[in-house]
Peer 1: 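Have a look at the structure that comes next, please.
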Amino acid sequence: MMRTRAAVLHEYGTPLAVCELELDPPRAGEVLVRVAAAGVCHTDLHLADGHLGVGRHPIVLGHEGAGVVEAVGDGVAGVRAGDPVAFCFVPACGMCGACAAGRRNLCETAAAAAWAGTLLDGGSRLRLADGTPVQHFNFVSCFAEHCVVPAACAVRIPAALPLWQAALLGCGVVTAVGAVRNAARVGAGETVCVIGCGGIGLQLVAAARLAGAGRVIAVERDPAKLALALARGATDPVRAGGAEATRAAVLALAPGGVDHAFEAVGAAATIRLAWDVLRPGATATVVGIAPAGVEFSLPALELLSEKGIRGSYYGSGDAAALLASMAEMTAAGEFTVADVVTHVTDLDGIDAAFARLRAGEGARTVVLVDADSAGYG
Ligand SMILES: [Zn+2]
Ligand SMILES: [Zn+2]
């Protein structure tokens with residue numbers, strides 16, 4: 001058993017408390033990682049605000065990060081102490097129905113443990129000083145100096161890739177690149193509309209360009225984020241306003257509608273906007289995560305035009321493989337993540353990052369858990 005500093009959520013809607021936790025050593029098939037950096041994602045905030053169901057605390061949040069392997073449990077072959085890794089938050093089992101069908105992002109075994117806040121054996125490695133078990137968040141819980149994760153969650157990355165940049169790959173980049181490639185299958189020259197240009201939306205813009213999209217229309221309320229979207233390859237900025245005006249602005253740029261719309265907000269109005277800007281026969285891909293209980297409605301008559309709408313979760317494919325390949329591309333300078341970072345902080349600054357997310361300010365905040373090994377600057 002060791003002690004590690006972590007930011008703990010004790011109750012929904014209350015600030016995180018940075019304190020020392022007890023952390024058990026990695027068991028068979030698990031890895032102990034010294035965390036260098038972590039991204040702050042809206043999904044962390046959703047859970048902290050109580051939007052993802054009841055009873056999810058105490059918990060250590062953080063599901064996007066990178067660090068260095070410190071120790072491995074029995075039977076771990078893929079990584080060893082000293083390896084730089086980025087976290088993948090779905091350790092696909094390879095054996096359940098979803099995995100057998102090639103939908104490893106929907107692994108049933110991993111989903112059950114993730115919702116229970118445990119590792120794959122049904123237990124937690126984290127405890128408060130008084131012995132109370134602390135939940136893991138999506139196996140990762142990297143708002144902490146150390147974490148114990150299933151080996152499948154620790155994906156080896158090139159040593160040349162700075163860990164503060166690698167920290168952004170495991171949620172935002174995998175989610176966006178996979179949504180574009182595997183869910184929507186964006187093709188060369190197609191017109192794409194990205195609605196919401198926060199951490200995920202900005203990656204969707206870059207992923208659409210990577211896929212060869214011709215025009216990328218970026219829709220966003222905040223002019224600063226629209227400017228970031230343009231810097232990442234958006235061709236046409238649309239300042240979001242009222243629903244009708246926004247719809248008209250997109251359709252003025254793409255008469256007849258766009259080939260693909262991506263929703264990266266997680267709200268009924270923006271999901272409806274994604275539908276409304278589609279050309280006949282096109283499909284909207286919803287990546288944003290809406291709070292539990294949110295519903296949306298669509299004009300049923302428009303189904304005659306064979307429009308479609310689908311969700312995309314964590315890249316709609318093999319997240320670990322996609323993470324490894326995006327790490328190679330980023331290290332080689334063929335994909336850029338650094339420019340989505342608008343703020344850096346430490347473990348004590350996560351609540352302020354949550355406040356910015358609530359207010360829609362800035363894009364990604366990176367938590368430099370270990371500033372030296374994160375390599376920022
Ligand atoms: Zn996330
Ligand atoms: Zn599975």
Side-chain angles (χ1 to χ4, degrees), residues 9 29 37-49 51-52 56 59-66 86-116 119-122 136-143 147 149-153 155 166-179 196-204 207 262-266 286-291 311-323 326 337 340-341 350 353-354 356-358 362-367:
L9 177 76
V40 181
C41 174
H42 214 118
T43 311
D44 298 304
L45 174 61
H46 269 324
L47 192 144
D49 282 346
H51 293 163
L52 297 182
R56 298 301 311 274
I59 188 170
V60 175
L61 296 170
H63 60 284
E64 172 178 272
F87 298 119
C88 163
F89 62 77
V90 175
C93 74
M95 291 179 289
C96 70
C99 284
R103 310 190 73 168
R104 295 172 67 89
N105 61 312
L106 300 180
C107 174
E108 295 154 23
T109 310
W115 282 106
L119 296 190
L120 289 166
D121 69 350
H136 297 254
F137 184 42
N138 283 349
F139 304 99
V140 174
S141 292
C142 58
F143 290 166
C147 59
V149 301
C153 292
V155 176
L168 300 162
L169 300 175
C171 179
V173 170
V174 165
T175 296
V177 174
C197 296
I200 298 284
L202 289 172
Q203 300 296 3
L204 283 164
F262 293 90
E263 199 270 2
V265 179
V286 178
V287 183
I289 295 177
S312 176
Y313 178 67
Y314 205 24
S316 304
D318 184 336
L322 185 52
L323 172 50
M326 293 312 296
V337 293
V340 305
V341 176
I350 297 172
F354 282 170
R356 286 191 292 273
L357 280 172
R358 283 194 195 93
R364 240 358 172 220
T365 296
V366 171
V367 183

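Ligands are counted one by one from 1 in listed order, and the atoms in each one are counted from 1 as well. Since this is a predicted model, take the numbers as computed values, not measurements. Sequence positions, counted from 1, serve as the residue numbers for this chain.
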Peer 1: Run the numbers on F89 and V149 for side-chain contact (heavy atoms from CB on, under 4.5 Å), then give the verdict.
Peer 2: CA-CA 9 Å; F89 62 77; V149 301; over 6 Å; no
Peer 1: What angle, to the nearest 10°, do the atoms SG (C96) and SG (C99) form about the Zn ion (ligand 2)?
Peer 2: 100°
Peer 1: Are Q203 and V340 close enough, and set up right, to give a side-chain contact (heavy atoms from CB on, under 4.5 Å), and what steps lead you there?
Peer 2: CA-CA 8 Å; Q203 300 296 3; V340 305; 3.7 Å; yes
Peer 1: Only to 10 degrees, please: what angle do the SG atom of C107 and the SG atom of C93 make about the Zn ion (ligand 2)?
Peer 2: 100°
Peer 1: To the nearest 10°, how many degrees is the angle H63 NE2 to the Zn ion (ligand 1) to C171 SG?
Peer 2: 110°
Peer 1: Can an N, O or S atom be found in C41 less than 2.8 Å away from the Zn ion (ligand 1)?
Peer 2: yes
Peer 1: Run through L9, L47, L61 and flag the one making a side chain to side chain contact (heavy atoms under 4.5 Å, CB included) with R56.
Peer 2: L47
Peer 1: Between F139 and C147, is the side-chain contact (heavy atoms from CB on, under 4.5 Å) condition met? List the steps.
Peer 2: CA-CA 9 Å; F139 304 99; C147 59; over 6 Å; no
